[in-house]
Peer 1: 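First, the structure itself, so that you have it in front of you.
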Amino acid sequence: MSPADRYYVTTSIAYANNKPGLHTLYEVIGADVIARWHRMNGDETKFLTGTDEHSVNIAQKAEELGIATRDFVDGNVALFRAAEDALLISPDRFIRTTDPDHVRAAQEMVRRAYANGDIYVGKYEGWYCPAEGFKTRSDVVETPQGTRCPNHPKVELEWISESNWFFRLSAYQERLERHFEEHPDFAQPDYRRNEMLGFIRGGLEDFSVSRAGAKWGIPFPIMPDGSSSQRPDGTWDPAAGTIYVWYDALINYVTGAGFPDDPAGFAKWWPADLHIIGKDIARFHTIYWPAMLWSAGMEAPRHVWIHGFLLAQGERMSKSLGNFLDPIDVVATLGADGARYVTLREVAFDRDTDVSWDSFVRRYNADLANDFGNLLNRTISMANRYLDGERPSVGPAAGLAAAWTETLAAYRSKIEACLLSDALCSLWEFVGAANRLVEAEQPWTLAKAVKAGDAEAALRLNNVLGDLVEACRLVSVAAAPFIPNAAPRALGQLGYQYPYEASGRGGPALLEELRWGAHAAESGRLATPEPLFPRLETEAAAASAG
RNA sequence: GGCUGGGUAGCUCAGUGGCAGAGCAAGCGGCUCAUAAUCGCUAGGUCGUUGGUUCAAAUCCAACCCCAGCUACCA
């Protein structure tokens, strides 16, 4: 990829019915790392995340609380934004499905599908639980009393039949199958791709794109006779109903690219390079969404990455189960950098992973406090003590330079393959190599020899410490997408200017900066070492977790 | 039920025919620059079960047990 490339990465938009858990923001942290990686590489980058705010359930919950729906979602969005700020998330736009340009985008996408003959009025039928709403086939259970909703077994379900608009997904079966075959990396990881391909091959049914009864939603722009549902005064005829979820939520990705208000921007930013989503919505993103885009004359996104879930003792974390981690608590204990690092290091990006406070604290202590934090600290201390604070020059390689070349290649390829945990694992192997170099060379022994007048030892001491400083610089810059606050502080302690803006923009091309000895010619002075990642006492961390 | 993955050390996982591995956690030792850190060593596994193929099986085959995912309209 050339430095002039543009890169557009998105997350799914979160349902704004509550405050966010770490399991919800997990993919946002991952996407943020990828966005920062591209910004630092010099790609013109757009990172989109946001909230999904329409639905009968949200309107109902606001009503229960006795507040206006808009106020209810505004309050929840503020909680999302606060949690994302705490985690140093750096979206280029935080999109809300209630944003006016998004409303226009969704309506225009519906019009395009209609113009293309892909939506038609049909009959939506399904079970309806008066206590909860529409239930899917797999949501209901057969009991001796009849079909019931498992949450409300005493309530009799109603078989609802309402007239709704449908999207002709069935018309896209062949094209979807071909797309999956011709672009094996469209949906990843592979096992998810195979699941989706299997689903396509099993035959595709049309899906409904409107709801007749719902009021809290984007007005459906077309009347059943094909005329516009917009009235002369600009308001929308409620008889047309509202746009149902997928023609609302998924559209955010094109809205974020500039559709429909900014055709030039849209031409530049679409198709998206990467949608990062959870496995629960894989089908909608890899099957419905490409078909919807094709219907509108647009391209499918280039890649969809499907991640797994965070588990607590084998069970999916969720707000309803109450077994989730509050990102604010995690940041309070581990710091923003620690929370980001630990979450993405502990959780494999391609599958479900069990997490706990204990595993988070162990990982923080092992990797950040002991391995990397202490490497920085001991390196800076020794250079201060033995070289009087003068930053040693990068000398003839003591073996770390070759190791770095391998590390960087592995790190880079894993980040670009969305294997973020594996990427950190590779980088930290290099941290281990640097710590082993300290033991092998014993700078304190060299320093004694220097005091005794050994000139050869002086050179060697300088070279060893020079390599260690360089190793610390490289790891700090390479890890910056994961630890955006700590990286500049580490560089500062090493006596270097951090050349990037807070968002990761504005500096030299990252791969140039990550060349061994890129700043060998510059002199500088080391600062007083100060632990970047203070070690946590396990008991104290457990106590603060409540 | 069908299809697809998986079950390997206390924990998380790598290993797809050739002497059972890594990281973390545990124990012991070294070192002293450092955040009780770091480096080294040790211990710990009938590789889900049973049978088969093979000179040789964690790996291939069969059966079985267990777990997870997908099997269409939730945001």
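In what follows, chains carry the letters A, B, and so on, assigned in the order in which the sequence lines appear, proteins first and then strands, with residues in each chain numbered from 1.
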Peer 1: Is there a Watson-Crick or G-U wobble partner for B:rG23 with both distances under 3.5 Å, and if so, which one is it?
Peer 2: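 Result: B:rC11.
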Peer 1: Could you tell me how far apart A:E125 (CD) and B:rA72 (P) are, to the nearest whole angstrom?
Peer 2: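 Rounded to whole Å, this separation is 17 Å.
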Peer 1: Is the distance between the ring centroids of A:W216 and A:F72 less than 6.0 Å?
Peer 2: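 Not close enough - the centres of the two rings lie 6.0 Å or further apart.
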Peer 1: Do A:Y114 and A:W165 have ring centroids that are under 6.0 Å from one another?
Peer 2: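 Distance test on ring centres: under 6.0 Å, yes.
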Peer 1: Is the backbone N or O of A:N76 less than 3.5 Å from a side-chain atom of A:N18, with the two atoms forming a donor-acceptor pair by type?
Peer 2: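 Between the backbone of A:N76 and the side chain of A:N18 there is no qualifying donor-acceptor contact (under 3.5 Å).
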Peer 1: For atom C1', what is the distance between B:rC3 and B:rU50, given to the nearest Å?
Peer 2: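 Pairwise C1' distance, B:rC3 against B:rU50, rounds to 25 Å.
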Peer 1: Would you measure the distance from the C1' atom in B:rU42 across to the matching atom in B:rU32 and give it in whole Å?
Peer 2: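 Here B:rU42 and B:rU32 have their C1' atoms 23 Å from each other.
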Peer 1: In whole Å, measure the gap between the P atoms of B:rG7 and B:rU12 for me.
Peer 2: 13 Å
Peer 1: Is A:A249 touching bases, backbone alone, or none of the nucleic acid, heavy atoms closer than 4.0 Å?
Peer 2: nothing
Peer 1: Using atom C1' of each nucleotide, how far apart are B:rU54 and B:rG18 to the nearest Å?
Peer 2: 12 Å
Peer 1: Categorize A:N377 for me: base, sugar-phosphate, or nothing, with a 4.0 angstrom heavy-atom threshold over every strand shown.
Peer 2: base
Peer 1: For the pair made of CG in A:N370 and P in B:rA25, what is the distance, rounded to whole Å?
Peer 2: 7 Å
Peer 1: Among A:Y172, A:F186, A:W289, which residue satisfies the ring pair (Phe, Tyr, Trp, His ring centres under 6.0 Å) criterion with A:H179?
Peer 2: A:F186
Peer 1: Write down the distance between OH (A:Y191) and P (B:rG6), rounded to a whole number of angstrom.
Peer 2: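 Rounded to whole Å, this separation is 11 Å.
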Peer 1: Taking any heavy-atom pair under 4.0 Å as a contact, classify A:L204: base, sugar-phosphate, or nothing.
Peer 2: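 Here A:L204 touches the bases of the nucleic acid.
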Peer 1: Let's see if you can work this out: which of B:rC11, B:rU38, B:rA72 has an atom nearest to the side-chain heavy atoms of A:R283?
Peer 2: B:rA72
Peer 1: Donor-acceptor pair, A:K319 side chain versus A:K19 backbone, under 3.5 Å?
Peer 2: yes
Peer 1: Just call it for A:G198: base, sugar-phosphate, or nothing, with non-hydrogen atoms closer than 4.0 Å on any strand.
Peer 2: nothing
Peer 1: For A:R340 and A:F482, which heavy atoms make the closest approach, and how far apart are they?
Peer 2: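 That would be NE-O, 3.0 Å.
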Peer 1: From the set B:rC74, B:rA25, B:rU38, return the single nucleotide nearest to any side-chain atom of A:R362.
Peer 2: B:rA25
Peer 1: Which nucleotide wins on minimum distance to the side chain of A:A366, given the candidates B:rU38, B:rU35, B:rC24?
Peer 2: B:rC24
Peer 1: Counting only side-chain heavy atoms from C-beta out, which of B:rU71, B:rC74, B:rC39 sits nearest to A:I281?
Peer 2: B:rC74
Peer 1: On a whole-Å scale, what distance lies between the C1' atoms belonging to B:rU8 and B:rU16?
Peer 2: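 That atom pair is separated by 13 Å.
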Peer 1: For A:W428, report the nucleic acid contact type (base, sugar-phosphate, nothing); a contact means any heavy atom under 4.0 Å.
Peer 2: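 Answer is nothing: A:W428 stays at 4.0 Å or more from every strand.
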Peer 1: If you measure from the P atom in B:rA36 to the same atom in B:rU59, how many Å do you get, rounded?
Peer 2: 46 Å
Peer 1: Describe the nucleic acid contact of A:G217 in one word from base, sugar-phosphate, nothing, applying a heavy-atom distance below 4.0 Å.
Peer 2: nothing
Peer 1: Which value, rounded to the nearest 0.5 Å, describes the distance between A:Q188 atom CD and A:F349 atom CZ?
Peer 2: 13.5 Å
Peer 1: Taking only the side-chain nitrogens and oxygens of A:N194, find out if one of them lies under 4.0 Å from OP1 or OP2 of B:rC70.
Peer 2: no
Peer 1: Under 4.0 Å between any heavy atoms, over every strand shown, what does A:P443 touch: base, sugar-phosphate, or nothing? Just pick one.
Peer 2: nothing
Peer 1: Applying the Watson-Crick and G-U wobble criteria at under 3.5 Å, what pairs with B:rC64? Answer none if nothing qualifies.
Peer 2: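 For B:rC64, the partner nucleotide comes out as B:rG48, under the 3.5 Å rule.
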Peer 1: Can you tell me if the side-chain N/O atoms of A:Y288 get under 4.0 Å from OP1 or OP2 in B:rC73?
Peer 2: no
Peer 1: Take A:R363 and A:E530, find for each the nucleotide of RNA chain B with the closest heavy atom, and name the residue whose nucleotide sits nearer the 5' end.
Peer 2: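 Checking each residue's closest nucleotide, the 5'-ward one belongs to A:R363.
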Peer 1: Tell me the interatomic distance from A:M382, atom CE, to B:rU38, atom C1', rounded to whole angstroms.
Peer 2: 10 Å
Peer 1: Please determine, for the side chain of A:R378, which listed nucleotide (B:rC39, B:rC73, B:rC33) has the closest atom?
Peer 2: B:rC33
Peer 1: Would you kindly give the CG-to-C1' distance between A:N164 and B:rA72, to the nearest whole Å?
Peer 2: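 Rounding to the nearest Å, CG of A:N164 and C1' of B:rA72 are 16 Å apart.
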Peer 1: Taking pairing as Watson-Crick or G-U wobble with both contacts under 3.5 Å, can you name the mate of B:rG17, or confirm there isn't one?
Peer 2: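 Answer to the pairing question: none, since B:rG17 forms no Watson-Crick or G-U pair.
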Peer 1: Report the residue from A:F372, A:F533, A:W428, A:F360 that forms a ring pair (Phe, Tyr, Trp, His ring centres under 6.0 Å) with A:Y341.
Peer 2: A:W428
Peer 1: What's the closest nucleotide to the side chain of A:V438 if the choices are B:rA72, B:rC33, B:rC74?
Peer 2: B:rC33
Peer 1: With rounding to the closest Å, how many angstrom separate the P atoms on B:rG23 and B:rC55?
Peer 2: 37 Å
Peer 1: Quick check for you: among B:rC73, B:rG69, B:rC33, whose closest atom lies nearest to any side-chain atom of A:S208?
Peer 2: B:rC73
Peer 1: Tell me the interatomic distance from A:I200, atom CD1, to B:rC70, atom P, rounded to whole angstroms.
Peer 2: 16 Å
Peer 1: Considering heavy-atom distances to RNA chain B, does A:Y386 or A:R351 have its closest nucleotide positioned more toward the 5' end?
Peer 2: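 Its nearest nucleotide being more 5', the pick is A:R351.
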Peer 1: Which nucleotide, if any, forms a Watson-Crick or G-U wobble pair with B:rU38, using both distances under 3.5 Å?
Peer 2: B:rG30
Peer 1: Compare the ring of A:W444 with the six-membered ring in the base of B:rC33 and state whether they stack (centres under 5.5 Å, planes under 30°).
Peer 2: yes
Peer 1: Looking only at atom C1', what distance separates B:rA25 and B:rC13, rounded to whole Å?
Peer 2: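 About 14 Å, rounded to a whole number of Å.
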Peer 1: Mind checking A:D371 for me? I need base, sugar-phosphate or nothing, with any heavy atom below 4.0 Å counting as a touch.
Peer 2: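 Sugar-phosphate, backbone atoms only, no base.
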Peer 1: What's the closest nucleotide to the side chain of A:N57 if the choices are B:rC74, B:rA72, B:rC70?
Peer 2: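 The answer is B:rC74.
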Peer 1: Let's test this: given Watson-Crick or G-U wobble pairing with both distances under 3.5 Å, identify the partner of B:rC3.
Peer 2: B:rG69
